[in-house]
Every structure is written in C-alpha cells, then in structure tokens.
Amino acid sequence: MHHVAIIASDYARSRHFYTEVLGLRVVNEVFRAERQSHKLDLELPDGKQVELFSFPNPPARPSYPEACGLRHLALQATDLAASLQVLALHGVTAEPVRTDPFTGALFTFIADPDGLPIELVGPAVYMPVAGEGGSKPVF
C-alpha cells in the first residue's frame with residue numbers, strides 16, 4: 001500500500017484531528033483553487049501516506065450499517081494503552097479494547113471527525129499455524 005485518500009466535510013477540523021490528535025506528519029499541503037479543494041499529504045511512521053482532501057459539499061459516507069467499499073483505516077499502535085490515554089486527553093472515545101481471536105493482537109476502534117472508523121491495532125502476536133511447526137505471522 002502506498003496511501004489512503006480521505007475526503008473531509010470540515011477540512012480544518014479533520015486537519016487538526018489527523019495532525020494534532022493522531023500525530024501524522026505533514027508532508028505537503030496545497031489549495032487547488034480550480035476545484036475549491038485542499039489536499040494535505042500526511043505521513044505515517046512507516047512512510048506510508050494518508051491524503052486528506054476537502055471538496056465543496058461532499059455526500060456523507062455511510063459507516064453504520066457498514067456499506068460496500070473501504071471498511072476502515074487501521075493504524076499500528078506500538079503502545080495501545082498509551083495511545084488511548086493520549087486520545088482521551090483530546091476527547092476521542094474508543095470502543096472497548098478486544099483481542100483478535102486469530103492473531104492475539106489487541107485492537108479497538110475510534111472515529112475521525114466524519115465518523116470514518118479507524119482501527120488501532122497493538123503489536124502483532126505470532127500464532128501457530130495449524131499443521132505447521134513453529135509460529136508464523138498471521139498478517
């Protein structure tokens with residue numbers, strides 16, 4: 001994966017969320033006057049990018065019930081508990097932390113300002129693969 005693109009209904013609010021709350025690094029930011037659109041390139045710690053766009057009057061994206069298409073954005077958290085504490089200081093609420101039954105990794109969901117589900121995943125745990133010796137990464 002190279003990047004994920006997200007369209008925001010309120011550019012300033014979403015810019016603040018992705019840069020100040022989630023801590024993504026700004027790589028480039030432009031306003032495209034001909035489209036009345038902002039484009040903000042953000043970088044994750046592993047170098048992959050999130051592109052944040054604004055367009056005049058974008059239609060709402062249904063998240064609940066889940067719709068066809070991109071389901072959610074998943075971000076790796078090196079310390080899930082510490083990440084949740086920081087998010088709480090910014091007023092971001094998370095679903096209860098759960099354990100993935102296949103990987104053993106802890107995970108939870110938050111939402112961006114437009115309700116886009118964002119999964120926070122703790123470090124992957126290696127689980128034995130049936131019929132094979134040793135352990136292998138599940139993903």
Side-chain angles (χ1 to χ4, degrees):
M1 183 185 84
H2 181 269
H3 72 272
V4 172
I6 299 170
I7 298 173
S9 65
D10 181 328
Y11 179 74
R13 184 177 65 165
S14 291
R15 185 188 194 287
H16 173 80
F17 177 80
Y18 283 97
T19 60
E20 301 300 320
V21 177
L22 293 184
L24 276 62
R25 187 177 76 80
V26 174
V27 176
N28 191 38
E29 183 172 26
V30 296
F31 179 74
R32 302 172 306 172
E34 72 283 0
R35 299 183 78 182
Q36 293 298 297
S37 171
H38 289 91
K39 180 179 184 285
L40 177 64
D41 297 323
L42 302 165
E43 188 174 64
L44 296 164
D46 67 359
K48 292 180 177 55
Q49 293 191 356
V50 172
E51 295 178 342
L52 183 65
F53 290 93
S54 69
F55 292 104
N57 305 310
R61 177 200 183 279
S63 289
Y64 301 99
E66 292 184 273
C68 288
L70 181 66
R71 185 174 184 185
H72 61 265
L73 175 64
L75 301 175
Q76 181 77 48
T78 54
D79 184 335
L80 187 58
S83 297
L84 292 174
Q85 288 177 346
V86 171
L87 290 168
L89 293 174
H90 288 279
V92 176
T93 57
E95 293 180 1
V97 174
R98 304 186 294 277
T99 302
D100 185 300
F102 300 105
T103 67
L106 297 177
F107 71 99
T108 187
F109 281 88
I110 62 171
D112 85 349
D114 286 306
L116 175 68
I118 299 174
E119 181 179 7
L120 302 176
V121 183
V125 176
Y126 295 104
M127 306 287 285
V129 176
E132 297 186 20
S135 297
K136 287 189 162 190
V138 177
F139 56 91

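Atom set for the values below is all heavy atoms of this structure, side chains included, hydrogens, waters and symmetry mates excluded. Just so you know, residue 1 is the first one in the sequence shown, and it goes up from there.
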Flag, side chain of Thr99 to backbone of Pro101, donor-acceptor distance under 3.5 Å: no
Check for a donor-acceptor pair, side chain of Asp114 on one end and backbone N or O of Ser9 on the other, with a separation under 3.5 Å. yes
Can a donor-acceptor pair be found, under 3.5 Å and without considering hydrogens, that links the side chain of Glu20 to the backbone of Phe17? no
Members other than Ile7 in its cluster, when Ile, Leu, Val, Met, Phe, Trp, Tyr link by side-chain heavy atoms under 4.5 Å? Phe53, Phe55
Taking the side chain from Asp100 and the backbone from Gly104, do they hold a donor-acceptor pair closer than 3.5 Å? no
Chi angles and distances behind the side chain to side chain contact (heavy atoms under 4.5 Å, CB included) call for Phe107, Leu80: CA-CA 8 Å; Phe107 71 99; Leu80 187 58; 5.6 Å; no
In Å and rounded to the nearest 0.5 Å, what is the CZ to OG distance from Arg15 to Ser54? 12.0 Å
Between the side chains of Lys48 and Glu43, is the shortest nitrogen-to-carboxylate-oxygen separation below 4.0 Å, so that they form an ion pair? no
Test side chain to side chain contact (heavy atoms under 4.5 Å, CB included) on Thr19 and Leu24 and set out the steps. CA-CA 5 Å; Thr19 60; Leu24 276 62; 5.5 Å; no
Residues Tyr18, Leu40; criterion side chain to side chain contact (heavy atoms under 4.5 Å, CB included); working and verdict: CA-CA 10 Å; Tyr18 283 97; Leu40 177 64; 5.9 Å; no
Non-hydrogen side-chain atoms of Thr93 and Ile110 separated by less than 4.5 Å: no
Taking Glu51 for the side chain and Leu42 for the main chain, is one N or O donor matched with an acceptor at less than 3.5 Å? no
Using the six-membered ring wherever Trp is involved, compare the ring planes of His72 and Phe109 and label them parallel, tilted or perpendicular (cut-offs 30° and 60°). perpendicular
Between Gln49 (side chain) and His3 (backbone), is there a donor-acceptor pair under 3.5 Å? no
Rounded at 0.5 Å granularity, tell me how far NE2 in His16 sits from CG in Leu22. 10.0 Å
Hey, mind stepping through Leu120 and Ile118 against side chain to side chain contact (heavy atoms under 4.5 Å, CB included) and telling me if it holds? CA-CA 6 Å; Leu120 302 176; Ile118 299 174; 4.3 Å; yes
For atom CZ of Arg98, is the number of surrounding heavy atoms from other residues, nucleotides or ligands below 6.0 Å larger than 12? yes
